[in-house]
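Since the structure comes first, as structure tokens, the remarks are kept for the end.
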Amino acid sequence: MKVNAPGSPGPDVRDDRMTRDIETYLEEKAALVNGYLEAYWRGPVPSVPDVLLEAMRYSLLAGGKRLRPVLALASYEVCGGRAEDVLGCAAALEAIHTYSLIHDDLPAMDNDDLRRGKPTNHKVFGEAVAILAGDGLLSEAFLMMLDAEGIGTDRVLAGLREVALAAGPRGMVGGQVQDILSESAEPDPETLRYIHEHKTGALIAASVRLGAILAGAGEAEMGALSAYGRNLGLAFQIIDDILDVRGDASVMGKPVGSDQDRHKMTYPALYGIDESMRRAAELIAAAVEAVEPLGGRAEHLGEIARYMLRRTH
């Protein structure tokens with residue numbers, strides 16, 4: 001199957017109808033997540049300083065794809081559940097993701113001035129409050145999951161463990177540290193894969209698995225969804241690397257070319273654009289293949305994966 005690099009012109013890999021269908025699905029699920037987050041963070045929160053609350057809201061409610069919570073909702077649906085029943089747990093993933101973006105943008109890390117088309121958190125609230133806003137979102141995410149109603153305690157605790165492993169030193173944080181340590185280093189395939197699988201892939205894979213865990217998925221379902229999440233997570237970061245080279249800053253809402261400026265270890269730096277795109281397409285194909293045994297109920301997951309190859313931000 002021939003595909004085009006993200007951000008480049010050319011025909012879609014699927015027809016226009018399928019593109020519209022999956023875009024509608026993603027928009028509907030993102031709207032559910034946004035509605036939950038806006039309600040959760042509406043009004044004053046007892047004992048939380050106003051400036052901290054404002055800083056947390058500023059980044060969390062700034063928009064975005066809401067990919068991680070949408071994947072959790074889609075996975076839960078695949079296993080027979082109703083998305084609305086696990087919105088709190090799914091939305092918690094966005095709080096964790098947003099905390100990581102706030103910290104990534106800090107001068108000590110990526111030193112970015114723009115995120116989702118708006119000044120980064122530390123540019124508005126200062127570095128100290130930005131750090132604490134990230135800390136607050138991370139902590140509150142686990143409270144959001146623990147407050148989930150209508151889900152068995154054992155499933156919630158198993159989901160918490162899954163997310164904690166993916167977000168902490170064994171997952172995202174470990175990948176971020178290795179990413180920093182590898183700046184200006186000679187590109188190495190093993191190190192590069194570790195960075196991508198942990199910095200980005202771990203939380204995406206955990207998002208898919210979270211939905212399955214909360215639904216009490218069987219062994220076959222869990223195996224299929226886990227393989228899907230692993231492949232999608234790595235592909236997503238490779239495509240991100242490509243967009244940092246070829247993307248449009250006005251569409252992406254953040255600067256492009258920053259990976260090269262900071263001498264980051266990326267797939268385009270090691271393999272070039274064309275080979276990176278080929279590898280991303282192979283991973284997407286593997287993700288789709290992983291959930292094919294689940295039949296039509298996994299159609300949305302397959303289309304989400306294919307859609308990743310066409311994304312421009």
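Since the structure is predicted, the reported quantities are computational estimates derived from the model, not experimental observations.
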Please identify each residue that fulfils side-chain contact (heavy atoms from CB on, under 4.5 Å) with A164, with sequence neighbours left out.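 F142.
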Taking side-chain contact (heavy atoms from CB on, under 4.5 Å) as the definition, give me every residue that meets it alongside H198, ordered by chain and number, with sequence neighbours left out.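 Checked H198 against side-chain contact (heavy atoms from CB on, under 4.5 Å); matches are Y194.
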Among R310, E27, R306, which one satisfies side-chain contact (heavy atoms from CB on, under 4.5 Å) with I22?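 Only one of R310, E27, R306 forms a side-chain contact (heavy atoms from CB on, under 4.5 Å) with I22, namely R310.
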Going by atom type alone, with no hydrogens or angles, which donor-acceptor pairs under 3.5 Å involve a side-chain atom of residues 32-44 and a protein atom two or more places apart or on another chain?
residue, atom, partner, partner atom, Å
N34, OD1, R66, NE, 2.7
N34, OD1, R66, NH2, 3.1
N34, ND2, A30, O, 3.3
Y40, OH, E140, OE2, 2.6

Which value, rounded to the nearest 0.5 Å, describes the distance between [X] atom [atom1] and [Y] atom [atom2]?
{"X": "Q178", "Y": "M265", "atom1": "CD", "atom2": "CE", "result": "7.5 Å"}
{"X": "D112", "Y": "L106", "atom1": "CG", "atom2": "CG", "result": "10.0 Å"}
{"X": "I102", "Y": "H122", "atom1": "CD1", "atom2": "NE2", "result": "11.0 Å"}
{"X": "D240", "Y": "T266", "atom1": "CG", "atom2": "OG1", "result": "11.0 Å"}
{"X": "N121", "Y": "D104", "atom1": "CG", "atom2": "CG", "result": "12.5 Å"}
{"X": "L203", "Y": "L93", "atom1": "CG", "atom2": "CG", "result": "6.0 Å"}

Within a strict 4.5 Å, meaning less than it, do heavy atoms of the [X] and [Y] side chains meet?
{"X": "M172", "Y": "I96", "value": "yes"}
{"X": "R246", "Y": "M277", "value": "no"}
{"X": "M308", "Y": "L67", "value": "yes"}
{"X": "S75", "Y": "L210", "value": "no"}
{"X": "L192", "Y": "P187", "value": "no"}
{"X": "R115", "Y": "S59", "value": "no"}
{"X": "E303", "Y": "D21", "value": "no"}
{"X": "M109", "Y": "I180", "value": "yes"}

Pair listing, side chain to side chain donor-acceptor pair (under 3.5 Å) test, anchored in residues 78-88, at least two apart: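 Output for this query lists R82-D85.
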Qualifying side chain to side chain donor-acceptor pair (under 3.5 Å) pairs, either residue in residues 159-172, two or more places apart: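 As it turns out, the side chain to side chain donor-acceptor pair (under 3.5 Å) pairs with a partner in residues 159-172, which skip direct neighbours, are E162-R209.
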Quick one: does R68's side chain have a donor or acceptor within less than 3.5 Å of a partner on S207's backbone?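 Side chain of R68 to backbone of S207, a donor-acceptor pair under 3.5 Å: no, none is there.
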Applying side-chain hydrogen bond (donor to acceptor under 3.5 Å, both in side chains), name anything that partners [X], two or more places apart in sequence or on another chain.
{"X": "T200", "value": "Q237"}
{"X": "T191", "value": "D188"}
{"X": "E183", "value": "K264"}

Residues clustered with I213, ILVMFWY side-chain links under 4.5 angstrom: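 M222, all in the cluster of I213.
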For residues 262-299, which residue pairs qualify under ring-ring contact (aromatic ring centres under 6.0 Å, His included), counting only residues two or more places apart or in two chains?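 Checked against ring-ring contact (aromatic ring centres under 6.0 Å, His included) - neighbours excluded - the pairs reaching residues 262-299 are H196-Y267, Y267-Y271.
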Any ring-ring contact (aromatic ring centres under 6.0 Å, His included) pairs touching residues 47-103, not counting sequence neighbours?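 ring-ring contact (aromatic ring centres under 6.0 Å, His included) check on residues 47-103 returns Y58-F125, Y99-H103.
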Closest approach of A202 and G171, non-hydrogen atoms and distance?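 Looks like CB-CA, 4.1 Å.
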With the threshold set at 4.0 Å, does a side-chain nitrogen-carboxylate oxygen contact exist between R57 and E54?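 Judged by the 4.0 Å cut-off on N to carboxylate O distance, R57 and E54 do not form a salt bridge.
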Show every donor-acceptor pair shorter than 3.5 Å between a side-chain atom in residues 284-298 and any protein atom, with sequence neighbours excluded, or say none if there are none.
residue, atom, partner, partner atom, Å
R297, NE, L294, O, 3.0
R297, NH1, V78, O, 2.9
R297, NH1, E221, OE2, 2.7

